[in-house]
Trainee: 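My structure is below; once you've seen it, I'll send some questions.
Keep in mind that what you see is a predicted model, and the values were worked out from it rather than measured. A, B, ... follow the sequence lines: proteins, then strands. Residue 1 opens every chain.
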Protein chains: 2
Amino acid sequence: MTGLTKLEQLCEDKGLKMTDQRRVIARVISDAEDHPDVETVYRRATEIDPRISIATVYRSLKLFEDANVLVRHDFGEGRARYEETGHHHEHLIDIETGEVIEFFNQELEIMKERVARELGYDLIDHRLELYGRKRKD
Amino acid sequence: MTGLTKLEQLCEDKGLKMTDQRRVIARVISDAEDHPDVETVYRRATEIDPRISIATVYRSLKLFEDANVLVRHDFGEGRARYEETGHHHEHLIDIETGEVIEFFNQELEIMKERVARELGYDLIDHRLELYGRKRKD
DNA sequence: GTACATGCAAAGGGTTTGCAAACGG
DNA sequence: CCGTTTGCAAACCCTTTGCATGTAC
């Protein structure tokens with residue numbers, strides 16, 4: 001028996017009605033090692049089950065995002081990318097390949113909080129992306 | 001005699017052909033205390049001179065951006081905002097009012113560089129935005 | 001003069017939505 | 001069953017572009 005993915009389980013726990021389409025989309029995200037955009041999720045989903053429309057992909061991803069089981073990223077490419085909610089991390093984007101590298105730096109986290117506080121704000125969210133070129137030496 | 005704004009002067013120095021429209025758009029940005037989006041630049045520009053189309057605003061802003069006299073920002077609102085190129089700073093966006101507060105923190109700058117280097121990359125660009133709510137105490 | 005800039009409206013890319021039909025709990 | 005979800009296509013928003021006309025240098 002092939003169990004549910006963690007994402008599917010999470011969705012069920014949250015009481016979301018799980019249609020075949022939503023299950024497939026949840027699995028695609030679960031299986032993704034990258035940070036796929038909507039078009040990519042759509043492509044991968046229809047490979048598994050062609051009865052899925054792009055509109056449903058948009059609607060499901062938004063639903064999952066609102067349920068906090070999924071995080072949407074906007075890397076300034078004009079389209080959104082998604083990944084499963086998990087441990088917090090930042091992204092470094094390789095400007096030559098588009099590859100996305102995850103990293104986490106505790107000091108950076110602390111400093112963001114501090115800067116916001118010093119400006120009189122509670123930090124609600126943030127965005128930190130580094131764009132770099134692989135060092136060739 | 002009303003002198004040229006710094007931005008107009010910069011554009012002329014770079015050899016850009018300065019039409020009336022471009023001058024008005026440059027002045028609008030120069031006078032802006034905020035980080036106006038294209039629509040706002042268009043509105044302010046047409047108040048000064050109605051002979052300006054939105055297409056020209058887009059084209060001029062892009063031209064100025066390519067000439068590095070202007071910086072484009074994407075704060076994830078689905079539309080671009082612009083500001084004059086100047087001293088480097090980051091932005092904190094008030095999630096309730098949309099107000100943009102500028103800040104600079106040397107430690108953060110150093111750490112971004114370091115993180116990229118440690119991952120084997122040369123830092124080419126970055127994006128750091130804090131989204132906060134004004135502390136009410 | 002002539003290459004370049006403009007206005008207009010149409011096209012473009014990503015995303016959302018109205019509606020009737022299909023479906024999950 | 002009945003409210004929800006879906007597919008489809010049209011609509012949307014921001015931005016870009018083709019073309020004929022106008023203009024800075």
Trainee: Quick check on DNA chain D: between A:Val57 and B:Ile54, whose nearest nucleotide comes earlier from the 5' end?
Mentor: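 Looking at the nearest nucleotide for each, A:Val57 comes out on the 5' side.
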
Trainee: How long is the line joining CG of B:Asp37 and P of D:dC13, in whole Å?
Mentor: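 Distance, rounded to whole Å: 14 Å.
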
Trainee: Would you mind telling me which residue lines up with the more 5' stretch of DNA chain D, A:Ser53 or B:Leu16, judged by nearest nucleotide?
Mentor: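 This one resolves to A:Ser53.
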
Trainee: For B:Leu61 and C:dA5, what is the distance between atoms CG and P respectively, to the nearest whole Å?
Mentor: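 After rounding, the reported distance stands at 15 Å.
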
Trainee: Mind checking whether B:Thr56 and B:Ile25 have side chains closer than 4.5 Å, heavy atoms only?
Mentor: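 Answer yes - side chains close enough.
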
Trainee: Whole Å only: how far is the CG atom of B:Asp13 from the C1' atom of D:dC25?
Mentor: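 Value for this atom pair: 16 Å.
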
Trainee: With respect to the phosphate group of D:dT15, does any side-chain polar atom (N or O) of B:Arg79 fall under 4.0 Å of OP1 or OP2?
Mentor: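 No, because none of the side-chain N or O atoms of B:Arg79 sits under 4.0 Å from OP1 or OP2 of D:dT15.
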
Trainee: Calculate the interatomic distance between B:Arg72 atom CZ and D:dT15 atom C1'; express it in whole Å.
Mentor: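 Checked: the CZ to C1' distance equals 9 Å.
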
Trainee: Which is true for A:Arg59 with a 4.0 Å heavy-atom rule: it touches a base, it touches only sugar-phosphate, or it touches nothing?
Mentor: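 It contacts base atoms.
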
Trainee: How long is the line joining CG of A:Asp74 and C1' of D:dC13, in whole Å?
Mentor: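 From A:Asp74 CG to D:dC13 C1': 15 Å.
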
Trainee: Considering only NZ, NE, NH1 and NH2 on the basic side and carboxylate oxygens on the acidic side, decide whether B:Arg27 and B:Glu8 come within less than 4.0 Å.
Mentor: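 So B:Arg27 pairs with B:Glu8 through a salt bridge.
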
Trainee: Quick check on D:dT5: is either OP1 or OP2 less than 4.0 Å from any side-chain nitrogen or oxygen of A:Ser60?
Mentor: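 Answer is no, no contact under 4.0 Å.
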
Trainee: Provide, to the nearest angstrom, the distance between the CZ atom belonging to A:Arg23 and the C1' atom belonging to D:dT6.
Mentor: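 Interatomic distance, CZ of A:Arg23 to C1' of D:dT6: 16 Å.
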
Trainee: Hey, what's the ring geometry for A:His73 with A:Phe75, parallel, tilted or perpendicular (30° and 60° as the breaks)?
Mentor: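 Correct class here is parallel.
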
Trainee: Report yes if at least one side-chain N or O of A:Tyr58 is closer than 4.0 Å to OP1 or OP2 of C:dT16; otherwise report no.
Mentor: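 No, because none of the side-chain N or O atoms of A:Tyr58 sits under 4.0 Å from OP1 or OP2 of C:dT16.
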
Trainee: Got a second to check how far B:Asp37's CG is from B:Asp74's CG, nearest 0.5 Å?
Mentor: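 That separation rounds to 12.0 Å.
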
Trainee: Considering only heavy atoms from C-beta outward, does the side chain of A:Val38 approach that of A:Thr40 to under 4.5 Å?
Mentor: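 SC-SC contact between A:Val38 and A:Thr40 ruled out.
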
Trainee: Out of C:dA5, C:dT15, D:dT17, which has the shortest distance to the side chain of A:Ala80?
Mentor: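 Of C:dA5, C:dT15, D:dT17, C:dT15 is nearest to the side chain of A:Ala80.
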
Trainee: With a 4.0 Å limit, can you tell me whether B:Thr56 has a side-chain N or O closer than that to the phosphate oxygens OP1/OP2 of C:dA5?
Mentor: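 So the side chain of B:Thr56 is outside the cut-off, no N or O lying under 4.0 Å from OP1 or OP2 of C:dA5.
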
Trainee: Out of C:dT15, C:dA5, C:dG24, which has the shortest distance to the side chain of A:Lys17?
Mentor: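 The nucleotide sitting nearest to the side chain is C:dG24.
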
Trainee: Once you round it to whole Å, what is the distance between C1' of C:dT15 and OH of A:Tyr42?
Mentor: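 My rounded result for the distance is 14 Å.
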
Trainee: Take atom CD of B:Glu8 and atom P of D:dA24, then tell me their distance rounded to the nearest Å.
Mentor: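 After rounding, the reported distance stands at 14 Å.
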
Trainee: Once you apply a heavy-atom cut-off of 4.0 Å, does B:Gln21 come out as touching a base, just sugar-phosphate, or nothing?
Mentor: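 Contact class for B:Gln21: sugar-phosphate only.
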
Trainee: Just call it for A:Ile52: base, sugar-phosphate, or nothing, with non-hydrogen atoms closer than 4.0 Å on any strand.
Mentor: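 Counting heavy atoms under 4.0 Å across all strands, the contact made by A:Ile52 is with sugar-phosphate only.
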
Trainee: What's the closest nucleotide to the B:Met18 side chain, out of D:dC25, C:dG24, D:dT6?
Mentor: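 For B:Met18, the side-chain atoms sit closest to D:dC25.
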
